[in-house]
Amino acid sequence: MPTELVFTRAEFAAVLPSAILFATGLLQLLIDAAIGDRDPDGDRGAKTHLVLTGVAGALLAFAALGAASGDISVRLFAGAMSDDAFGRFAAGVIILATLLTTLAAGGYLAALGKHRGEFHGLLFFGAGAMVLLAQSTNLISIFVAIETLSLAVYILAGYVRSWRESAEGAFKYFVMGAFSSGFLLLGMAFLYGSTGGSIQLSDLGDPLKDEVLSSVGILLVVIGFAFKVGAVPFHSWVPDVYQGSPALAAGWMAVAVKVASFAALLRIVLAFGANDSLARMLAAVAVVTMVLGNLAALNQTNLKRMLAYSGIAHSGYLLIPVVVILPQGGMREASAGALFYLAGYLLTTIGAFAALAALRQGDRDCDTIEGIKGLARRHPLVAVALSLSMISLAGIPLTVGFMGKLFVFRDAVENGYTYLALIGIITSIISVYYYLRPVVAMYFHEASEPAQKTEPAWGLHLTLTVTSLGILLLGIFPNRIIELSIESVKNVGS
Amino acid sequence: MNSLPILSLIILTPALGALLLAFVDRRNDAVIKQGALMISMITLLLSLTMVIGGFFDGNVGTYQLEENTPWAPALGLAYHLGIDGISILLVLLTTFTMPLVLLSTWRAVSDRVKEYQICLLLLQSGMLGAFLALDLVLFYLFWEAMLVPMYLIIGIWGGKQRIYAAVKFFIYTMIGSLLMFLAILYLWKHTGTFDLPLVLERLRTTHPLASETQCWLFAAFALSFAIKVPLFPLHTWLPDAHVEAPTAGSVVLAGVLLKMGTYGFIRFGIPLFPAGTEAFGPLICWLAIIGIIFGACMALVQGDIKKLVAYSSVSHLGFVVLGLFMFRMGSGKMTDEGVTGAILQMVNHGLSTGMLFLLIGIIYERRHTRELANYGGLAKVVPIYSTFFIIATLSSIGLPGLNGFVGEFLILVGTFKVNMLYAVLASTGVVLGAVYMLTLVKRFLFGPLVHEENASIKDVSTREMVYLVPIVALMVWIGLYPKSFIGLVEPTVLQYLDALK
Amino acid sequence: MSPWLQHTIFAVVAALAVIAALLVVTRRNPIYSALFLIIVFGSMSAIFLLLEADFLGFMQLLVYAGAIMVLYLFVIMLINPREGDLPEEGATSDRVFAGGTAALVFCLLWFTIHESKMLTDDPVIFPTLPSLGRSHGSTEAFGLELFHEHLLVFELVSVLILVGIVGAVHLSIRARKSAPEDSVELTSDSSPVDRSEDRAEDRAEDIDRAPRGSGNQEDVTRV
Amino acid sequence: MFSLTSCLYLSAFLFSVGVYGVLARRNILVILMSLELMLNAVNLAFVAFGRHFAVVDAVGEHRGQIFALMVIAVAAAEAAIGLSILLLIWRKWRTIDVRDLCRMSG
Amino acid sequence: MEANLIWIPLLPFLGFLLNGMLGKRFGPRFVSWVGALTPIAAFLVALKVFLQVKETGALHQHVFDWIKLSGVPLSFEPVPDLVIHSGFSAPFGLLADPISVVMCLVITGVGSLIHLYSIDYMRGDRGFHRYFAYLNLFMAFMLILVLGDNLLLLFVGWEGVGLCSYLLIGFWFEDSANASAGRKAFIVNRIGDFGMLLAIFLCQKYFGTIDTREIGAKCAEGLGADGGFLGLNLGTWIALLMFLGAAGKSAQIPLYVWLPDAMAGPTPVSALIHAATMVTSGVYLCCRMMPVFEAAPFALEVIAGVGAATALLAALIALSQNDIKKVLAYSTVSQLGYMFFAIGMGAYGAAFFHLVTHAFFKALLFLGSGSVIHAMHHEQDMRKMGGLRRQLPFTHATYLIGTLAIAGVPLFAGFFSKDEILFAGYERAFGHDPSTLAGVFWAGTLLTAGLTAFYMLRSVAMTFWGESRVAPELAPKVHEPGRWIGVALFVLAALSLVGGFIGVPEILGGHHALDHFTRLSPDHSVLPEAQLDKLHSMEWTSLILSVLVGLGGLAAAFYLYGPGRGLLRKLVEENRTIARMRQWSEDKFYVDELYDFFVVKPVVLSSMLMWMLIDRLLIDTILVRGSASATRGLGNFFRRMQSGFVPAYLLTFGCGALVLLFIMLSLWKESGS
């Protein structure tokens, strides 16, 4: 064992994006602490410097991500992480989500009267942890990364202390999150035991492993991740947390946590190798998740809650590729479907939540169907953005949501999981109903009472524009991203 | 010449035009209206150029003017367009209908004009795309994409129950189309391609499908198309959608959108799954026949003019569907009357029902009611209007010399050759059609002028004449000299049937 | 240490841990629970020591018993729940159900461990460690491995702690000059002026809900 | 008696007790403590496994212990956050009954 | 032979276009010129064609391919198959053979007169141009009907005339009853067309052609005898279905009900369409498709029965109608029944002959009644007329001529044709192959002859003779109508007088010019002498019988309704039984009511019921909305599961994990060990 620390260039490159994110977060905290209170506009101002720092940091991180693209290095930091296209793809999505959220956050938080460095700081700490999670290849770093991002997310969920829902949601999230961490950790312990003392993902597939420990261990780990992505029956926290969180935090959570978790889950599952029983079980979970998520969303009047259930449903769709790659002879390339789906999901979900954020009334989120009635007249741009998001979530063509579903369902059918695709499709039909409801409210109804007209800040505008254009562009010209996603799953480090 | 991507141009012109209109100031109503009209006229000219200018060769039975570029090769998608005798008439119908529809909206819609025109143009792109796509996913994409503008048109500019109708329309259609989507994916699994000609070829040669699988897939496709047609008993969205939609919506819906279903059958359902067709054919034919009679009976007792016409659509489309399935005479022999007639009848129905809806729109604009009971005796007040109305009616009930007859007759001849019982039952629809349409005319136009308000209704204006006269001219043309249309269709149909053998 | 001694110590400590753990989850008063939890953690660290994890054992004692549990006790003292503030525990059926679930979880885990091939040929005692330069479990050996093999995680943990700090500060800080919301929080019930309808609603809900925990009513509304 | 298996049994038992505490108790404080119990129970498994494998793997002989250490750190941070949320709730609701947190449902 | 026939229908069509588009602008003068001159021009063309045909035989013109499908898929091996034919061709081809050219002459001739008549009759009407446009259009379609060389083109005319009839019946659409009558006419005709269409389909399917000549040829070859279904052979089916179409158009039982109602239209329309031309197209169809019917003896029996029954029933109803036009309408139905009876008896020539003469005298009668109605300012009730002979002497004279012609008084036009029909029935009933059924039919028609004479004279008597019952304020205004009306009446009266001479039978020294020209009847001259003699003697018997019956009918009417014969009438009126029968007859034997009760109401009610129960309730409410609410209910169920309580959430989590763990372990146990 060498006594001095060796720090290779590859390791540096690999860790750079998350390092930049962490540093940005820290910087924002410091800046805010140093000059935040002296800001002439105080809380009411947009605190542009926070936003700008965030944007700069995210862009830098993105650049760092892009700079290293091409070379793949595995087993960095003694196997703690690997720098591969798979991780970079997920990291890219996460950073993009963070960027858009930051961009939108300025005006939104200022309007809520809650604009502080903590929001941005936690956002970036969480994002850094997520990026690391997506790149992690051993159980310890996965665990710690998960916990780090979870903590950040718990706090963001309870960010607005003056809302009771916020505290309640944060608490629920925390308790259940810690509970699930217990299971995840137990699973990791079993995996550790089953492999004969290795925590490296690449050893999970060891043919000499202890079967029962390994099976139970992987199941417990999967349960931990199922909780994170909100799969039934580990979903109970999702609606309450989304409803309680400030809209932007909810959107970021929905996307970034899902991306990071699915990336890690896919990495684990790919490393673990074929397991028919797990595939069957996950298939069942996926079915239940799709059905319950969509059905429960049907009668929601609270938009955030509706989006939460929709998020559950989408986790169900996202589980399909995981199921597809699991059995003996499963198609490993199917995981590309999940990646692409997530990229699309990023745009749609951030778009939807940002639209809600743009519509806040006073210091509350505007999150009821009632509140967006007649919106098409008040805020045409926001209405268009929200509609596009809804249409994309519903999976209607010319939006990225359709392409994602096409990709995922196609792989499912191709690998003999027609029934999963069938259920996915049937539930999609159901989902159309509730995704249309906001559109109906915005376009077909007139406002029930003259709501105060608030002009969304430029950051929100920009975010909405980006997401809307992105939804359409990726819906029409998805090839580049799809190729990228396929490319990135060819060689997944573990 | 061949390098000119004329099909893409036809599809994209309205969409790009809509994009252009989006940047026009919304206060500039006139510019928007005229701009939209111009765009649709350009599309019409393009499509006419395609036929007259020698791009399209009517004597060839295969796909023409094909454009095939990879679009998302990673997903197996290609931008594959092509046109043949089956789609040419429908494309022409679409491009022909649109300027008239746009013209008809000039006065009818005053709220959010810009969005309205944009929706209509986008709708047109969607419809054209669906008719021209030769890639299964591309077709699906257009098929779904046109749902959204139509949904908005019904939902925003519709009548009192518009939301219910719009949502019903959307969800009904989605139910079918998503199952079709699944079937498309299954085809991908089986043949490894989404490209229609390739799929057809592989199914025929290297990758034959088991007949049970075919039945399932056909059922999935057929459900989607049957909803769109709509076939009994999946039709209940149609009266609601028609009644609530604004005039332009109804016209497009009746004129073009319903044909998507029948077009789907002929382009995809039947050729892809011959065994499925064999198995489900009788069921679909029976449903079509029930639809013919049931729709007519329903139309008989409606008090709302639009609803009446909507139910008449159910009846008429029943003929079309019936015709599409009537090509196999047993002992390996084919007959093409049914299919050719059905294709022609799609156009005919588009013209006659479209015109009826336009006319209803005209009167609705003036009186703001669609209740039949509020009218009567109009022939005296608005003679020109009444003349147009009667012509449309006659076309709809299939009076020889007008367009409706040719298609209906060919369908029935074809049907009769294949199955006499079907033909006999379907022919009763001819009688019933006269019953309800003439009852409509009688209660609407004839009789004493009961309601004072009706006495001051103005007759059709010049603008309205401008969009009604071309339809009548086309009706007479098809009725008297259908050869120019059948000539475009038949070679393809023969080729098509040959392939089905 | 001789094997029988190890056996004995383990048996005693394990029994202690089991009993204390059961007491933790059954005591009504959280202070007792906390104290018993300290006992559990203590026994744990004893087992760690038995398992030759010296450093970890002490860390366990320091961090858990010393830091975390002190934090718990501190919070308990801070909020100082009176007898009436303590929530009514769930009905017996609830507890039976929860107990059943927990028991089943244990059964399944037990089954897993029992069925494991690796563990069936488990020697009664742990294998003897080869004597190396450093002793296993020592701080030095531990530290070397930590910094060589798990550097990244170690760094990440620092972020984790930072997040924890920021979060704890953000959530529990009472008020800032420019952030009026928290100050209202504490006084909302007694404040003469209600700042928003929303809060009035909240309070109304509290009162509505109050009868369920009927014994608490007085205490809940008291500030 | 003192073997890997018995350590694991103990770990599993403590874990289950923690699960029971989380599921059965209504007092948020006790729930938090039960969660700590669960995490700590798993630590035992890690350390026991680590002890068992220390012979085999000279490079990673402390792996289990390091894992456990990280868990301890995580537990500490979690405790901090959990207790902060508890305080927040206490200030708002004046309750530590988990059932009172049911403003959102459906 | 090819010839330029298209002008015959095209000229009136041009008239239609001119009148329809420009008529309103250019005023009634223009309209009347165009309206009247185009049919006259067509008449002249037709005359020319007639002469040509007479000389050279049938002429044909292929104008263009109307509907044509090549039918045989490109790469198909042509399979010779005698049963089913593929491919379809319906050219726009016109055929001028003897029958059609005679029809053309009748149509254009009578039509021209009626156009002239209309100039006066419709003068001052708001819809003057519309009227002439419709009338011209009618002519065009009628000519297409008769000239069309295939069934489909014939069908075009067939439906086209139906359309014009519909438009003209409802010409004064402000009155709902008129509009209803038009609708009824169209719909009832459609029912007939249903049969017609099926007949066309059968021809297309089994003969592979719809060309009338080819069908005839194939039937003559005996092709119709094979095939078939439901116990009838193919030819019979085609014949019966065609007859259904003919019955619709030509108002035979059970589809006659529209014709009396059709009298709602202007009287010249009734004359042209509902007496002279359109309604006879059924008969024309039968004549044209003679080979088909010849091959279907059963169908002929049906036709004969229906024809005789219709003749009798309509005559009975006509006995007691008080509306002058209704009398004529039922009379038309009755006479058409005659013609079908003739066809059923195989006497196509006779039917066709009667068609022509009937066109003359019935048009005359209608125009005469129109003249009266015009003079009476649209009063049609004969009870409010009487004694008009004094004011309208010319009309009276012509009307009387028409009456005598229809009554079959010797030497008038109707005499020859009706006699020939009766003789055909007589010959079938009692000739070389006696048949009881034919006897019954024949008796019915003979009775009808008497009744016809009776009710026609009754109408003359009620209208023109006796006391004036004209409303006093109207009486001074009654006067002979205008010039063109007079011309038309005069010409038609002349034709009714002498028209019969185109078909004088051999026994009266004639040589049956029409029959020779049209070749619709078997040539009797080839028969052996003895048989011919027997035939001739039978013809005499029949002739005398029919004349006697006709005169009897006239006499009876004269005694009942003639001037100063009130006593007898009173006697008849006071007899209960007779009065009840009269009432039945006056109420048209309640056929309309029966139809209403058994056909119309059930259709409407069941539609209503289906709409309510199947469409609204079953499909829309139970299935569509039901499934939607079921889904939403399920959604609500899942929502309620989300109780908001953390313990419940945790329990869900725990149980979920438990279940998965359990499944995992059991799967492992199952597979591994």
Side-chain angles (χ1 to χ4, degrees), chain B residues 61 168 171-172 233 235-237 294 297-298 300-302 329 331-337 340 377 379-380 383 390 394 399-401 405-406 409-410 412-413 416-417 420 423-424 427-428 430-431 434-435 438-439 441-442 445-449 480-483 486 490-491 494-495 497-498 501, chain E residues 64-76 79 81 84 86 88 92 130 141 152 155-160 163 166-167 170 173-176 178-180 182-183 186-187 190-191 193-194 197-198 200-202 204-205 229 603-604 606-608 610-611 614-615 618-620 623-624 628:
Chain B
K168 196 171 177 181
I171 291 188
Y172 241 117
H235 64 280
T236 56
W237 65 269
F294 185 83
C297 287
M298 293 303 97
L300 201 57
V301 292
Q302 299 303 320
M329 296 205 296
S331 70
K333 290 185 41 164
M334 301 283 202
T335 175
D336 72 325
E337 285 97 337
T340 312
K380 195 173 177 183
I390 290 174
L394 295 175
L399 189 85
F405 176 71
V406 183
F409 181 80
L410 285 176
L412 288 174
V413 166
F416 197 85
K417 283 187 180 175
M420 277 196 255
V424 171
S427 301
T428 58
V430 177
V431 178
V435 176
L438 292 183
T439 307
V441 168
K442 193 209 138 208
L445 302 177
F446 295 159
L449 194 68
L480 290 183
Y481 200 66
K483 201 179 162 191
I486 291 176
E490 213 199 357
L494 294 180
Q495 192 104 12
L497 293 178
D498 190 27
K501 191 174 56 139
Chain E
F64 60 84
D65 269 334
W66 179 37
I67 304 179
K68 189 170 172 62
L69 294 182
S70 53
V72 184
L74 299 175
S75 63
F76 268 30
V79 188
D81 191 322
I84 300 171
S86 69
F88 177 79
F92 197 99
R130 196 157 56 86
F141 276 128
L152 202 63
F155 191 71
V156 172
W158 187 269
E159 286 269 296
L163 165 71
Y166 162 75
L167 291 170
F173 54 79
E174 283 98 329
D175 188 344
S176 281
N178 295 354
S180 298
R183 180 181 54 150
F186 200 98
I187 290 169
R190 269 273 158 146
I191 297 173
D193 296 349
F194 169 72
L197 272 178
L198 291 182
I200 297 177
F201 297 156
L202 276 174
Q204 174 62 30
K205 179 164 179 176
F229 23 83
V603 168
V604 174
S606 62
S607 296
M608 201 59 162
M610 280 203 294
W611 182 47
I614 299 182
D615 203 64
L618 181 67
I619 299 178
D620 216 33
L623 294 179
V624 176

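This structure is a prediction, so every number in the text was calculated from the model and none was measured. First the proteins, then the strands, lettered A, B, ... as listed; each starts at 1.
In terms of heavy-atom pairs under 4.5 angstrom with chain B, the leader among E:Leu618, E:Ile614, E:Val604 is E:Ile614. Chain E forms more heavy-atom pairs under 4.5 Å with one residue of B:Leu300, B:Val406, B:Leu399 than with any other, namely B:Leu399.
Heavy-atom minimum distance, E:Tyr166 versus E:Gly182: CD1-O, 3.2 Å. Smallest separation of non-hydrogen atoms from E:Leu152 and E:Phe88: CD2-CZ, 3.9 Å. Of all non-hydrogen atoms in E:Trp66 and E:Val156, the two that sit nearest each other are CH2-CG2, 3.3 Å.
Both the backbone and the side chain of B:Phe409 come within contact range of chain E, with heavy atoms under 4.5 Å apart. With a threshold of 4.5 angstrom between heavy atoms, E:Ser606 does not approach chain B through any atom at all. For chain E, the nearby part of B:Thr340 is the side chain; its heavy atoms alone come within less than 4.5 Å. Looking at E:Leu623, neither its backbone nor its side chain comes within 4.5 Å of chain B, counting heavy atoms on both sides. For chain B, the nearby parts of E:Ile191 are the backbone and the side chain; heavy atoms of each come within less than 4.5 Å. E:Phe64 touches chain B through its side chain: at least one heavy atom from C-beta onward sits under 4.5 Å away, while N, CA, C and O do not. Looking at B:Leu449, there are no atoms closer than 4.5 Å to chain E (heavy atoms on both sides), in backbone or side chain. Only the side chain of B:Ile486 has a heavy atom closer than 4.5 Å to any heavy atom of chain E. The part of B:Leu480 that comes within reach of chain E is its backbone (N, CA, C, O), which places non-hydrogen atoms under 4.5 angstrom from that chain.
Under the 30°/60° scheme for interplanar angles, the aromatic rings of E:Phe201 and B:Phe416 are found to be tilted.
Remark: the backbone N or O of B:Lys417 is paired with a side-chain donor or acceptor of E:Lys205 at under 3.5 angstrom.
Using a 4.5 Å cut-off on side-chain heavy atoms (C-beta onward), E:Leu202 and B:Met420 make contact. Residues B:Val441 and B:Phe446 are in side-chain contact: their nearest non-hydrogen atoms beyond the backbone lie under 4.5 Å apart.
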